[in-house]
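Within every chain, numbering begins at 1; the chains are lettered A, B, ... in the order of the sequence lines, protein sequences first and strands thereafter.
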Amino acid sequence: MRAMSSFDENDAFESAARPSLAARAMAARPAPYLDDLNPAQREAVEALDGPVLMLAGAGTGKTKALTTRIAHLLNTGRARPNEILAVTFTNKAAREMKERVARTLGQSVEGMPWMGTFHAICVKLLRRHAELVDLKSNFTILDTDDQLRLLKQLISAANIDDKRWPARMLAGLIDGWKNRAWGPSQVPAGEAAAYNNMGGELYEAYQRRLVELNAVDFGDLLLHMVSIFQKHPDVLAQYQRWFRYILVDEYQDTNVAQYLWLRLLAADHKNICCVGDDDQSIYGWRGAEVGNILRFEKDFPGAKVVRLEQNYRSTPHILAAASGVIAGNRSRLGKELWTEAQEGEKVRLIGHWDGEEEARWIGEEIESLQRGTRGLPPRSLDDMAILVRASHQMRAFEDRFLTIGLPYRVIGGPRFYERMEIRDAMAYFRIAVSPDDDLAFERIVNTPKRGLGDKAQQKIQMAARSNGVPLLEGARILLEEKGLGGKGAAELRKLVDACARWHAAVLNAQLDFLDEDAVLDDGLVPLQPPLPGLSHVELAEVILDESGYTAHWQNDKSPEAPGRLENLKELVKALENFDNLQGFLEHVALIMDNEQEETEEKVTIMTLHGAKGLEFPVVFLPGWEDGLFPSQRSMDENGLKGLEEERRLAYVGITRAEELCTISFAANRRLYGQWQSSMPSRFIDELPEDHVEVLTPPGLYGGGYGAAGLNTGSMGAGFGTGLAGGMEQRATKADVYNSPGWKRMQARRSERPLSQPRESRASAIDLEAVSSFTAGNRVFHQKFGYGIVMGIEGDKLDIAFEKAGAKKVVARFVVAADQAGDDVPF
DNA sequence: TGTATCTAGTTTTTT
DNA sequence: ACTAGATACA
């Protein structure tokens, strides 16, 4: 346990006598890296002292400015690596920043312990001061799953019908309160009355329960630190002195708690540099306050405001289109991006009959760009991305790309560590490391099924509560008292014994890891090693094996099962990078991503939110229809504010593109199983005509874009919206295909040799792949599961899938069913 | 306890 | 259309 007394002992804070500022300034080395900066960047980098707000538009080199600034702080001797607090939102951003600082200085930066995400830094701080909020320093960090389970228990204990009052709603409320840095006693009465008049009370009960469990949720990490800083000026003062310079990335995304945390830390020296772009604030819905960036100058009078406006990413047309759209927002600080880049292609706009056609068109467009088209050089699929508003839009693309055999990768969706099997496995590891982790026990006690249902679990709960012990111990007592009979008792016995052996093995490994005769912190002498000499990796395999968890998925015939086994294998592999299970668990609590290196080139499909901070030479922006984008819900719930956030999202989308940006919309789209017609997005009208090339046939609604004067009368509406009035003739699909615009588009398309065979490697494989199947074969497909081959057409197979129905799929995406199960871990 | 059936709710997501 | 989660039934 680290109390405040250990403060000075920690290496991150170790302070040898520090040379005076002057002495260090004298020692400053030349700063060649400054020559790489443009004047604005240089200004932001060289203003080292006092508050600085760097307004950095998309693609203006803000990361470069930020990292150079850090390098400059170090190089001028203003601060040592461990005196700089540099906060980001994602681990990825933190990693990137570390790498780039090192590169700028041309040497590895050892020990920048305070460069990381808000949460990672707060964990470090909170472990030192846990006792100030009644926690022990080895508290666990709950993920949203645990959090929800806990809330459900409290809700049913309070006799609330969680059907009318869903736990998720309460979780959302509590999250929102924590984002605003409101502890249970600080929630305004009006707000606390939410959730059937019980919100405030349940929040309090939840916080109490967390303390009992020695646990925190993500919001607590910030909330606890803010309240510690507020209640203990001495603690705050230490850190104010220690963190001599503060840098914040993506400042527009900070919530109130993060803002307060920063303001407290910077209050004394005010050496704080915030980098952000109000035009890219797209996380209002999860508590981000654009207001934080808008009022920086008020909070820090005399702040230097630097605008980075020279863009190094996109062509002028793309920038102009983005600027045109974002100009529609009223509450902005105002920036105008410019570039020295060559003109390039206009932003392209195309309308489609429906969502499937949109996917088909984009698929073909991607293939022709990949081959090289209109004299353009061939492009890698890695250079292309499809950015959607909502993840359900991805399906159309996945379906289409699977059919034509276009490799794609979907970013987003459930992340690795959020998958069920990974969480289950982690719960097993948790119970092995800490037998008193009740939430972990609850998760695994009947997974896989052990015949321990609600009743048995209630008995365990009772036994544990009446003896005041953790659940696992309660289970042991229950068994001793013969309070459980039958199959369940035998299974529980096995589980309890296994947990004991695993824990012993963990302790044993700890012994190996430490000194021979080291004393364990809990004073327990390990039982004689029933699992001798196991590394933590081997132990993990043993745990998954003995628990029956691996077998559970091996016996599962669902299409996901092989993938889940694969993931478990991946998890065990990830363990190799750690010294022990404890370290791994700590790491995973905060790092939810697990990026595996990809070899094959693939088109990226992701949401607009996910794309922030990324860039691609070629970007497709489908689904620009009113209601979908801007999202109806956003507008209904947040009015103009919501619409402006959607508009910023559009701005983010367009500015991801370096060279080619294609916006599209469909007149009809299937949503929740219903066909819906919609109008092109209002954002389309905001695109400046001079920078847009319209591919849409004028017969299609929206084809009137850019020809307002000509087309207003009979042209235009009616295609998609029934609302536009019955007087309009409803265009047919044939009309569209006969329209001049469509023909022109077709003509353009045929300029490139469509018949040209696909990449030779792929076609060779295709032929080979297809020849290995015949009708009647049972096959397995990663997404669709098992099915029977009904016929063969070219390189595609007609397959009747057991779950997904009949599909045409390229042969190389399919394996023989008997091979699918072979590749099992362990 | 395990399975079959129904019912409601479907934006965006990091830590 | 689809899925997750809860309830009904074997």
Side-chain angles (χ1 to χ4, degrees), chain A residues 87-94 116-123 141-144 147-148 152 161-164 166-169 172 175 178-179 216-223 250 253-255 257-258 281-288 355 387-396 399 411-415 417-418 420 446 448-457 486-488 491 560 587-593 606-613 623 627-638 642 645-646 648-650 652-653 669-676 803-805:
Chain A
V87 244
T88 62
F89 274 85
T90 64
N91 292 298
K92 197 173 154 209
T117 63
F118 277 100
H119 292 86
I121 288 169
C122 281
V123 170
I141 302 163
L142 302 191
D143 59 28
T144 45
Q147 190 186 5
L148 216 57
K152 276 185 182 157
D161 177 13
D162 74 341
K163 209 138 188 212
R164 274 192 59 199
R168 304 198 44 142
M169 181 184 175
D175 245 28
K178 288 186 176 177
N179 284 340
V216 299
D217 63 21
F218 285 123
D220 281 338
L221 294 173
L222 262 299
L223 179 66
E250 306 280 16
D253 288 339
T254 49
N255 61 33
Q258 288 156 339
S281 165
I282 54 175
Y283 285 111
W285 50 274
R286 65 176 197 213
L387 310 181
V388 297
R389 172 68 245 267
S391 44
H392 63 72
Q393 289 172 261
M394 294 178 179
R395 176 180 310 236
D399 280 352
I411 310 271
R415 276 171 299 286
Y417 291 113
E418 276 170 8
M420 184 200 342
N446 202 28
K449 300 273 186 283
R450 296 191 170 88
L452 297 164
D454 283 352
K455 264 216 182 123
Q457 290 187 41
K487 183 172 169 259
E491 289 286 330
E560 302 91 46
H587 165 87
V588 168
L590 287 173
I591 315 238
M592 293 302 275
D593 60 348
M606 67 198 309
T607 63
L608 288 162
H609 284 90
K612 194 169 78 153
L628 179 59
F629 187 42
S631 124
Q632 193 57 50
R633 188 153 161 188
S634 199
M635 293 186 292
D636 288 348
E637 287 174 9
N638 298 304
E645 184 153 313
E646 296 286 308
R648 292 193 289 267
L649 209 41
V652 167
R669 195 177 287 280
R670 208 165 25 189
L671 188 65
Y672 308 140
Q674 297 287 130
W675 278 100
Q676 281 202 309
K803 290 254 166 75

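- Among the nucleotides B:dG2, C:dC2, B:dT15, the one closest to the side chain of A:Arg395 is C:dC2.
- Across A:Leu608 and A:Arg389, no two heavy atoms sit closer than the pair CD1-CA, 4.0 Å.
- Of the candidate nucleotides C:dA6, B:dT15, B:dT12, B:dT12 has the atom lying nearest to any side-chain atom of A:Arg389.
- Of the candidates B:dT15, C:dA6, B:dT12, the closest approach to any side-chain atom of A:Ser391 belongs to B:dT12.
- The interatomic distance linking A:Phe218 (CZ) with B:dT15 (P) rounds to 8 Å, in whole Å.
- In terms of heavy-atom proximity, A:Thr117 sits nearest to A:Thr90 at CG2-C, 3.3 Å.
- Here B:dT15 is the nucleotide among B:dG2, B:dT15, B:dT13 with the atom lying nearest to any side-chain atom of A:His119.
- Rounded to whole Å, the distance from CD1 on A:Ile411 to C1' on B:dT12 is 16 Å.
- Between the CG atom of A:Leu671 and the C1' atom of C:dC2 there is a distance of 12 Å, rounded to whole Å.
- Taking atom CE on A:Met394 and atom P on B:dT10, their separation rounds to 18 Å, with Å as the unit.
- When rounded to the nearest whole Å, the span between CD of A:Gln258 and C1' of B:dT15 equals 9 Å.
- A:Leu452 comes within 4.0 angstrom of sugar-phosphate atoms only, judged by non-hydrogen atoms across all strands, and of no base.
- Judged by ring centres under 5.5 Å apart and planes tilted less than 30 degrees, A:Tyr672 stacks against the six-membered base ring of B:dT10.
- The two residues A:Phe118 and A:Thr254 have their closest heavy-atom pair at CZ-CG2, 3.8 Å.
- Atom CG of A:Asn179 and atom C1' of B:dT14 are 11 Å apart (whole Å).
- Comparing A:Asn446 and A:Thr144 by the nucleotide of DNA chain B whose heavy atom lies nearest to each, the residue mapping closer to the 5' end is A:Asn446.
- Spacing between atom CD1 of A:Ile282 and atom P of B:dT14 amounts to 11 Å, rounded to whole angstrom units.
- For A:Thr90, counting side-chain heavy atoms from C-beta on, the closest listed nucleotide (B:dT13, B:dT15, B:dT10) is B:dT15.
- Residue-nucleotide stacking is not present for A:Phe89 and B:dT15, judged by a side-chain ring centre under 5.5 Å from the six-membered base ring centre and planes under 30° apart.
- Nucleic acid contact class of A:Glu250 (heavy atoms, under 4.0 Å, all strands): none.
- Annotation for A:Thr607 and A:Met394: closest pair N-CE, 3.6 Å, computed over non-hydrogen atoms.
- One atom, CG of A:Asp220, and another, P of B:dT14, lie 20 Å apart when rounded to the nearest Å.
- In the set B:dT13, B:dT12, B:dT15, B:dT13 carries the atom at the smallest distance from any side-chain atom of A:Arg286.
- Ranking B:dT15, B:dG2, C:dA6 by closeness to the A:Thr117 side chain, first place goes to B:dT15.
- Ring geometry for A:Trp285 against A:His609 counts as perpendicular: the plane angle is over 60°, on a 0 to 90° scale with 30° as the lower cut.
- Toward the 5′ end of DNA chain B lies the nearest nucleotide of A:Ala456, the other residue of the pair A:Trp285 and A:Ala456 mapping further downstream.
- Of the candidates B:dG2, B:dT12, B:dT15, B:dG2 carries the atom nearest the A:Lys449 side chain, counting heavy atoms from C-beta on.
- Dashed line: the shortest gap from a side-chain N or O of A:Asn91 to OP1 or OP2 of B:dT15 is under 4.0 Å.
- Smallest separation of non-hydrogen atoms from A:Glu646 and A:Ser634: OE2-OG, 3.2 Å.
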